[in-house]
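Residues: numbered from 1 along the sequence shown. Quick caveat, the model's predicted, so the values are computed rather than measured. Whatever order the structure lists them in is the order used to number ligands and atoms, beginning at 1.
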Amino acid sequence: IQGEIKGYGTQIYKKKKKKRKEIGPRVVDYAQCHGGKGLKIVFFHNDILEITELIRFGLKCLFVHLHLGGLGQLGVGLANFLRKRFGKDSVILSDIRKPPDHIFHNGPFIYSDILDSKNLRETVVNNRINWLFHYSALLSAVGEADVSLAKAVNITGLHNVVDVATEHGLRLFVPSTIGAFGPTSPRNPAPDLCVQRPRTIYGVSKVHAELMGEYYYHRYGLDFRCLRYPGIISADSQPGGGTTDYAVQIFHHAVKSGRFECNLKPSTRLPMMYIEDCLRATLEVMEAPTKSLSMRTYNINAMSFTPEELAQEIHKHIPEFQITYNVDSVRQAIADSWPMNFDDSNARKDWGWKHDFDLPNLVTTMLNFPGFHTRVARAN
Ligand SMILES: NC(=O)c1ccc[n+]([C@@H]2O[C@H](COP(=O)([O-])OP(=O)(O)OC[C@H]3O[C@@H](n4cnc5c(N)ncnc54)[C@H](O)[C@@H]3O)[C@@H](O)[C@H]2O)c1
Ligand SMILES: C[C@@H](O)[C@H](N)C(=O)O
């Protein structure tokens with residue numbers, strides 16, 4: 001292996017018979033592996049930046065990520081995405097639910113309840129975890145239906161996660177949301193820093209998570225990283241009870257029956273994103289050099305549309321598709337308090353965020369997603 005590791009002025013050499021390393025002061029050991037065809041390099045476990053650079057040069061590396069709340073709409077996709085990048089055994093998926101066979105056999109899975117701090121600590125210590133992705137949460141609509149459980153999972157759970165991550169020097173990712181804004185926030189667009197007075201327990205808990213993470217970063221040096229996601233749209237996983245769920249369900253109904261009853265008004269404009277962009281952004285901000293991050297919580301944006309505009313785009317592919325409206329007052333009130341558009345210029349400037357999917361691409365990709373039609377048929 002030969003090449004310069006950008007930004008670090010270090011080099012790895014492989015010569016025919018003799019292997020030699022020059023890779024900066026933090027390498028603690030190196031050895032031949034794979035029958036002499038490879039070079040195994042051992043780092044201090046926190047040197048993620050150097051490891052990231054090496055992976056760009058095609059080196060395989062083992063460092064372990066723990067992924068909490070991993071069986072939800074976004075979790076399995078994130079685990080697959082990270083496993084492709086870092087190797088199957090480097091990512092441990094966890095949840096309190098029993099995983100289906102194909103997920104259980106696809107890589108390490110363990111039970112982990114974020115409300116049980118002892119169990120969480122044991123998991124982190126026993127598996128020598130370096131990065132932690134905290135996806136466990138009750139979303140906006142289900143949170144309003146059970147405020148006390150939402151308080152426990154979204155607030156007490158977050159405290160446990162932040163404590164363990166701080167104690168063990170982990171890099172911690174916590175997703176926030178458009179739901180962290182409220183009716184008094186600027187809505188078109190909502191910038192990173194502005195009034196945040198959400199009116200849902202979900203939103204309140206996410207503002208709390210943003211502030212706790214940033215406080216621990218300043219006070220104790222916790223490497224906390226947070227993105228405010230828009231509503232996320234995925235083909236192979238179901239949404240978990242949010243206000244933006246309609247934008248996933250519409251595709252299933254369009255394919256299955258050609259009809260969809262929407263629970264938001266036709267003119268409700270919300271920021272949205274295809275899952276592939278969301279997962280890529282998550283990895284990009286986790287890999288971003290510390291010095292490039294001027295903030296610890298960033299908006300990320302891709303597109304913004306109304307149910308009416310989404311239906312029109314689907315109509316181009318399925319001309320017989322029909323949408324009707326039966327408004328759910330709880331979800332509508334939530335949606336009306338959220339931003340219509342997101343200003344993500346800081347993410348674009350600081351660490352080069354750029355979305356790939358706009359509305360036409362999203363609809364084409366969803367409707368042509370491999371196995372989507374079969375999956376819809378099976379789900380029904
Ligand atoms: N999906 C979106 O559109 C969206 C948008 C913005 C932000 N987010 C955030 O991304 C994260 C993941 O969202 P999602 O859509 O996958 O959510 P989801 O509701 O689909 O999944 C949440 C998971 O958390 C697990 N969980 C609940 N209680 C737990 C506990 N005590 N311990 C461990 N796990 C527990 C659940 O079993 C579930 O698998 C959440 O934090 C959410 O707020 C999601
Ligand atoms: C927007 C996001 O946080 C989630 N999909 C919800 O609607 O609750």
Engineer: Decide whether an N or O pair under 3.5 Å exists between Gln73 and ligand 1.
Structural biologist: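 Between Gln73 and ligand 1 (N or O atoms, distance only) the closest approach is under 3.5 Å.
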Engineer: Out of curiosity, does Ile318 fall in the hydrophobic cluster containing Leu310 (side-chain heavy atoms, cut-off under 4.5 Å, transitive links)?
Structural biologist: yes
Engineer: Hey, does Pro239 come in under 3.5 Å of ligand 1, counting only N/O atoms on both sides?
Structural biologist: no
Engineer: In the protein, which heavy atom is nearest to atom 5 (C) of ligand 1, and how far is it?
Structural biologist: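 So the nearest neighbour among protein heavy atoms is Pro230 O, 3.2 Å.
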Engineer: Between Asp358 and Asn361, is there a side-chain donor-acceptor contact under 3.5 Å, judged purely by atom types and distance?
Structural biologist: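 Note: Asn361 and Asp358 side chains meet the donor-acceptor criterion.
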Engineer: Out of curiosity, is Tyr229 lining ligand 2, as in a heavy atom under 4.0 Å away?
Structural biologist: no
Engineer: Do the two ring centres, one from Tyr325 and one from Tyr246, sit under 6.0 Å apart?
Structural biologist: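 For Tyr325 and Tyr246, the ring centres are not under 6.0 Å apart.
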Engineer: Please report which non-hydrogen protein atom sits nearest to atom 23 (C) of ligand 1, along with the residue it belongs to and the distance in Å to one decimal place.
Structural biologist: Gly69 O, 3.5 Å
Engineer: Quick one: ring-ring contact (aromatic ring centres under 6.0 Å, His included) pairs with a partner in residues 219-241, sequence neighbours left out?
Structural biologist: Tyr216-Tyr220
Engineer: Can you pull out the closest protein heavy atom to atom 32 (N) of ligand 1? Residue, atom name and distance to 0.1 Å, please.
Structural biologist: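 The answer is Ile114 N, 3.1 Å.
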Engineer: Using a strict cut-off of 4.0 Å, indicate which atoms of ligand 1 neighbour a heavy atom of Arg97.
Structural biologist: 37 (O), 38 (C), 39 (O)
Engineer: In terms of relative ring orientation, are Tyr298 and Trp351 parallel, tilted or perpendicular, with 30° and 60° separating the classes?
Structural biologist: perpendicular
Engineer: Measure the acute angle between the ring planes of Phe342 and Phe181, then classify it against the limits of 30° and 60° as parallel, tilted or perpendicular.
Structural biologist: perpendicular
Engineer: Can you report which non-hydrogen protein atom sits closest to atom 24 (O) of ligand 1, along with the distance?
Structural biologist: Ser136 CA, 3.4 Å
Engineer: Which atoms of ligand 2 are found less than 4.0 Å from any heavy atom of Tyr202?
Structural biologist: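 In order of number, 2 (C), 3 (O), 8 (O).
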Engineer: Which atoms of ligand 2 have any heavy atom of Thr177 under 4.0 Å away?
Structural biologist: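 Counting from 1, the qualifying ligand atoms are 1 (C), 2 (C), 3 (O).
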Engineer: May I ask you to list the atoms of ligand 1 that are less than 4.0 angstrom from any heavy atom of Leu139?
Structural biologist: 15 (O), 17 (O), 19 (O), 42 (C), 43 (O)
Engineer: Against heavy atoms of Trp338, which atoms of ligand 2 measure under 4.0 Å?
Structural biologist: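 So the atoms of ligand 2 that pass are 1 (C), 6 (C), 7 (O), 8 (O).
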Engineer: Can you pull out the closest protein heavy atom to atom 7 (O) of ligand 2? Residue, atom name and distance to 0.1 Å, please.
Structural biologist: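 Among all protein heavy atoms, the one nearest atom 7 (O) of ligand 2 is Thr243 N, 2.6 Å.
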Engineer: I'd like to know if the side chain of Arg228 reaches the main chain of Thr297, judged simply by a donor and an acceptor atom lying under 3.5 Å from each other, with no hydrogens or angles considered.
Structural biologist: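 Not a single qualifying donor-acceptor pair exists.
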Engineer: Would you say the side chains of Asp245 and Asn263 form a donor-acceptor pair under 3.5 Å?
Structural biologist: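 Not at all, the side chains of Asp245 and Asn263 share no donor-acceptor pair under 3.5 Å.
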Engineer: Between Arg296 and Asp223, is there a side-chain N and carboxylate O pair less than 4.0 Å apart?
Structural biologist: yes
Engineer: At their closest point, which heavy atom of Tyr274 faces which heavy atom of Leu362, and how far apart are they?
Structural biologist: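 Shortest heavy-atom contact: CD1-CD1, 3.6 Å.
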Engineer: For Arg83, is the CZ atom crowded, meaning more than 12 foreign heavy atoms sit under 6.0 Å from it?
Structural biologist: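 More than 12 heavy atoms, drawn from other residues, nucleotides or ligands, come within 6.0 Å of this atom.
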Engineer: Using a 4.0 Å cutoff against the non-hydrogen atoms of Ser176, which atoms of ligand 1 qualify?
Structural biologist: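 By the 4.0 Å cutoff, the relevant atoms are 6 (C), 7 (C).
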Engineer: Would you say Phe305 and Phe260 are hydrophobically clustered, going by side-chain heavy atoms of ILVMFWY under 4.5 Å?
Structural biologist: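 Result: yes, single cluster for both.
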Engineer: Pick one of side chain, backbone, both or neither for how Asp245 approaches ligand 2, counting any non-hydrogen atom pair under 4.0 Å.
Structural biologist: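 The answer is neither.
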Engineer: Give the numbers and elements of all ligand 2 atoms closer than 4.0 Å to a heavy atom of Leu139.
Structural biologist: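 Counting from 1, the qualifying ligand atoms are 8 (O).
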Engineer: Considering only protein heavy atoms, which is closest to atom 44 (C) of ligand 1, and at what distance to one decimal place?
Structural biologist: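 So the nearest neighbour among protein heavy atoms is Leu74 CD1, 3.7 Å.
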Engineer: Indicate if Tyr135 and Trp131 have the same hydrophobic cluster label, given that clusters are the connected sets of ILVMFWY residues with side-chain heavy-atom separations under 4.5 angstrom.
Structural biologist: yes
Engineer: Less than 4.0 angstrom from a charged side-chain N to a carboxylate O is my criterion; do Lys118 and Glu122 meet it?
Structural biologist: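 Salt bridge: yes.
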Engineer: What protein heavy atom sits nearest atom 41 (O) of ligand 1, and how far off is it?
Structural biologist: Lys206 NZ, 2.8 Å
Engineer: List ligand 1 atoms under 4.0 Å from Asp113, heavy atoms only on the residue side.
Structural biologist: 30 (C), 31 (N), 32 (N)
Engineer: Quick one: which ligand 1 atoms are inside 4.0 Å of a heavy atom on Pro175?
Structural biologist: 9 (C), 10 (O), 11 (C), 41 (O)
Engineer: Grab the two heavy atoms, one from Gln73 and one from Ile275, that are nearest each other, plus how far apart they are.
Structural biologist: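 Closest heavy-atom pair between Gln73 and Ile275: O-CD1, 4.0 Å.
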Engineer: I want to confirm something. Looking only at heavy atoms, which of Ile232, Ile275, Asn160 is nearest to atom 3 (O) of ligand 1?
Structural biologist: Ile232
Engineer: Check each of Tyr229, Tyr202, Tyr111, Phe133 against atom 42 (C) of ligand 1 and report the one with the nearest heavy atom.
Structural biologist: Tyr202
Engineer: Considering Thr244, Ile334, Ile232, Leu74, which one's heavy-atom position lies nearest to atom 5 (N) of ligand 2?
Structural biologist: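 That would be Thr244.
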Engineer: Would you mind checking which non-hydrogen protein atom is closest to atom 22 (C) of ligand 1, with the distance to 0.1 Å?
Structural biologist: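 Residue, atom and distance for the closest contact: Ala137 O, 3.7 Å.
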Engineer: Looking only at N/O atoms, are Gly72 and ligand 1 under 3.5 Å apart anywhere?
Structural biologist: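 Checking ligand 1 against Gly72, an N or O pair does fall under 3.5 Å apart.
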Engineer: Under 4.5 Å between side-chain heavy atoms, hopping through other hydrophobics if needed: is there a path connecting Phe86 to Leu78?
Structural biologist: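 Linked within one cluster.
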Engineer: Answer yes if the side chains of Ser140 and Thr200 hold a donor-acceptor pair under 3.5 Å, and no otherwise.
Structural biologist: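 There is no such pair (donor and acceptor under 3.5 Å, judged by atom type) between the side chains of Ser140 and Thr200.
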Engineer: Considering only non-hydrogen protein atoms, determine which one is nearest to atom 12 (C) of ligand 1 and report residue, atom name and distance to 0.1 Å.
Structural biologist: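 Result: Tyr135 O, 3.4 Å.
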Engineer: Following the transitive rule for hydrophobic clusters with a side-chain heavy-atom cut-off under 4.5 Å over Ile, Leu, Val, Met, Phe, Trp and Tyr, establish whether Met212 and Val174 coincide in one cluster.
Structural biologist: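 Yes, Met212 connects to Val174 through the hydrophobic network.
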Engineer: Please compare Gly242, Gly179, Ser234, Ser112 and report which has the shortest non-hydrogen distance to atom 33 (C) of ligand 1.
Structural biologist: Ser112
Engineer: Which residue supplies the protein heavy atom nearest to atom 8 (O) of ligand 2, what is that atom called, and how far is it?
Structural biologist: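 Looking at atom 8 (O) of ligand 2, the protein heavy atom closest to it is Ser140 OG, 2.6 Å.
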Engineer: Report the member of Val76, Asp116, Asp95 with the shortest heavy-atom distance to atom 25 (C) of ligand 1.
Structural biologist: Asp95
Engineer: Can Ile96 be said to touch ligand 1, with heavy atoms closer than 4.0 Å?
Structural biologist: yes
Engineer: In this structure, does ligand 1 have an atom that sits under 4.0 Å from one of the heavy atoms of Gly231?
Structural biologist: yes
